[in-house]
Every structure is written in structure tokens, then in C-alpha cells.
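Single-structure report; data block below.
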Amino acid sequence: MNYWLFKSEPEEFSLDDLKNAKARRDHWDGVRNYQARNFMRSMKKGDQGFFYHSNCPEPGIVGIVEICREAYPDHTAFDPNDKHFDPKSDPENPRWFMVDVRYKRRLKRLISLQELKEYADSELAGLALVRRGNRLSVLPVSKPHWNFILKLER
DNA sequence: GCCAACGTTGGC
DNA sequence: GCCAACGTTGGC
């Protein structure tokens with residue numbers, strides 16, 4: 001099993017929005033970055049992910065989700081009225097993909113970016129999230145990093 | 001709202 | 001293939 005981290009602006013789509021969605025699951029659309037797309041295409045059903053709130057008063061990890069459907073074409077790229085429309089993505093040869101994720105649980109407390117950064121040069125060295133200038137919206141988390149972050153929760 | 005960091009685009 | 005211009009992300 002592999003581990004990931006999904007960023008979302010809570011004003012756009014929060015952990016609670018996912019929790020309140022039908023069957024507590026939804027598709028993760030709108031990713032328009034090749035590296036993030038490639039990560040999504042390598043996700044397997046059952047993989048786990050952190051749900052991270054970005055661009056908000058207290059950025060940090062708020063919950064855990066599970067991949068419940070593997071990558072398939074992101075249809076929002078074909079819709080001219082969609083915010084993430086990309087005329088270069090052809091339905092015959094889609095450029096962008098998405099996965100479905102299911103809400104698992106909320107963390108007992110928010111683990112802030114600030115707190116995670118304290119370990120950027122030790123336990124969490126190499127974690128893409130705490131590397132300077134990182135802008136990836138979907139990124140991998142190693143198993144040791146995953147376990148370490150879960151230990152911080154307590 | 002500012003701005004640093006980064007990815008993408010397109011002229012050459 | 002280089003690189004300047006531009007757009008976006010996201011912390012602060």
C-alpha cells in the first residue's frame with residue numbers, strides 16, 4: 001500500500017465537504033499539473049491519503065482518506081464552462097485524470113504545516129510538503145513519514 | 001493583498 | 001533548446 005497527501009482549499013472543498021458527500025466519497029478533479037497527475041495515475045485502490053487544508057488561516061493536515069477508484073479521465077477538462085477546462089485535453093486522448101477518494105476519519109487535532117516544518121530536517125526530511133517552495137497539490141508520503149505524522153496526532 | 005517559487009508557453 | 005514573460009500556488 002502507498003500513502004499520499006491531497007491539498008485542498010477548505011473554502012473550495014473541505015474535509016467536511018467530502019464527509020457530507022454521497023457515500024462519503026467524491027472524485028478529486030481539477031488537478032492540472034503533470035507531476036501530480038502522474039502520482040494519481042500510480043495510486044491503487046486502498047491506498048491512504050492525508051487531507052490537507054491549504055491557503056487558509058491554519059494550513060495543515062486535517063484528516064485521512066482512502067483511494068476507492070483508480071485513475072480515470074477528468075471530465076471537467078472537457079467542459080468549456082468548467083473552471084478547470086483545458087481545450088487541449090481531448091476525450092479521445094485525455095490529458096488529465098482523477099481518482100475517487102472516500103472519507104475515513106478526521107484527525108484528533110489539526111497537524112499544522114508549522115508543526116510539520118519543525119521536523120523538515122529530521123524525521124520528515126524529504127517530505128515534499130515541507131520542502132521550500134513546494135506547490136504540488138498531490139504528493140507521495142513515505143511509510144515512515146506517514147507513521148511519524150500519525151504519531152504526532154496523539 | 002503581497003510576493004517568492006515554480007510551471008508553462010511561445011518566440012526566436 | 002533557450003529563456004523571458006506570464007500565470008498560478010499558497011504561506012504569510
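So you know, we letter chains A, B, ... as the sequences are listed, proteins then strands, and number each from 1. All values derive from a computational prediction rather than experimental measurement.
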Next on the checklist: Among B:dA5, B:dG7, C:dG10, which nucleotide has an atom closest to any side-chain atom of A:S137?
Outcome noted: C:dG10

Next on the checklist: If you only use heavy atoms from C-beta on, which nucleotide in C:dG10, B:dT8, B:dT9 is closest to the side chain of A:Y34?
Outcome noted: B:dT8

Check the distance between [N]'s [atom2] and [X]'s [atom1] and give it to me in whole angstrom.
| X | N | atom1 | atom2 | result |
| --- | --- | --- | --- | --- |
| A:E58 | C:dC12 | CD | C1' | 13 Å |
| A:I61 | C:dG10 | CD1 | P | 14 Å |
| A:K117 | C:dG10 | NZ | P | 13 Å |
| A:N33 | C:dG7 | CG | P | 18 Å |
| A:E11 | C:dG10 | CD | C1' | 13 Å |
| A:K7 | B:dA5 | NZ | C1' | 12 Å |
| A:R132 | C:dT9 | CZ | P | 20 Å |
| A:E12 | C:dT8 | CD | P | 14 Å |

Item to check | C:dG11 phosphate, OP1 or OP2, under 4.0 Å from A:Y52 side-chain N/O | outcome: yes

Checklist entry - Which of parallel (below 30°), tilted (30 to 60°) and perpendicular (above 60°) describes A:W146 and A:F50? => result parallel

Under a 4.0 Å N-O cut-off, is there an ion pair linking [X] with [Y]?
| X | Y | result |
| --- | --- | --- |
| A:E123 | A:K117 | no |
| A:E115 | A:R109 | yes |
| A:K83 | A:E12 | yes |

Checklist entry - Given that A:R95 and A:N55 both sit by DNA chain B, which one's nearest nucleotide is further toward the 5' end? => result A:N55

Next on the checklist: Applying a 4.0 Å non-hydrogen cut-off, can you work out what A:L129 is touching in the nucleic acid: base, sugar-phosphate, or nothing?
Outcome noted: nothing

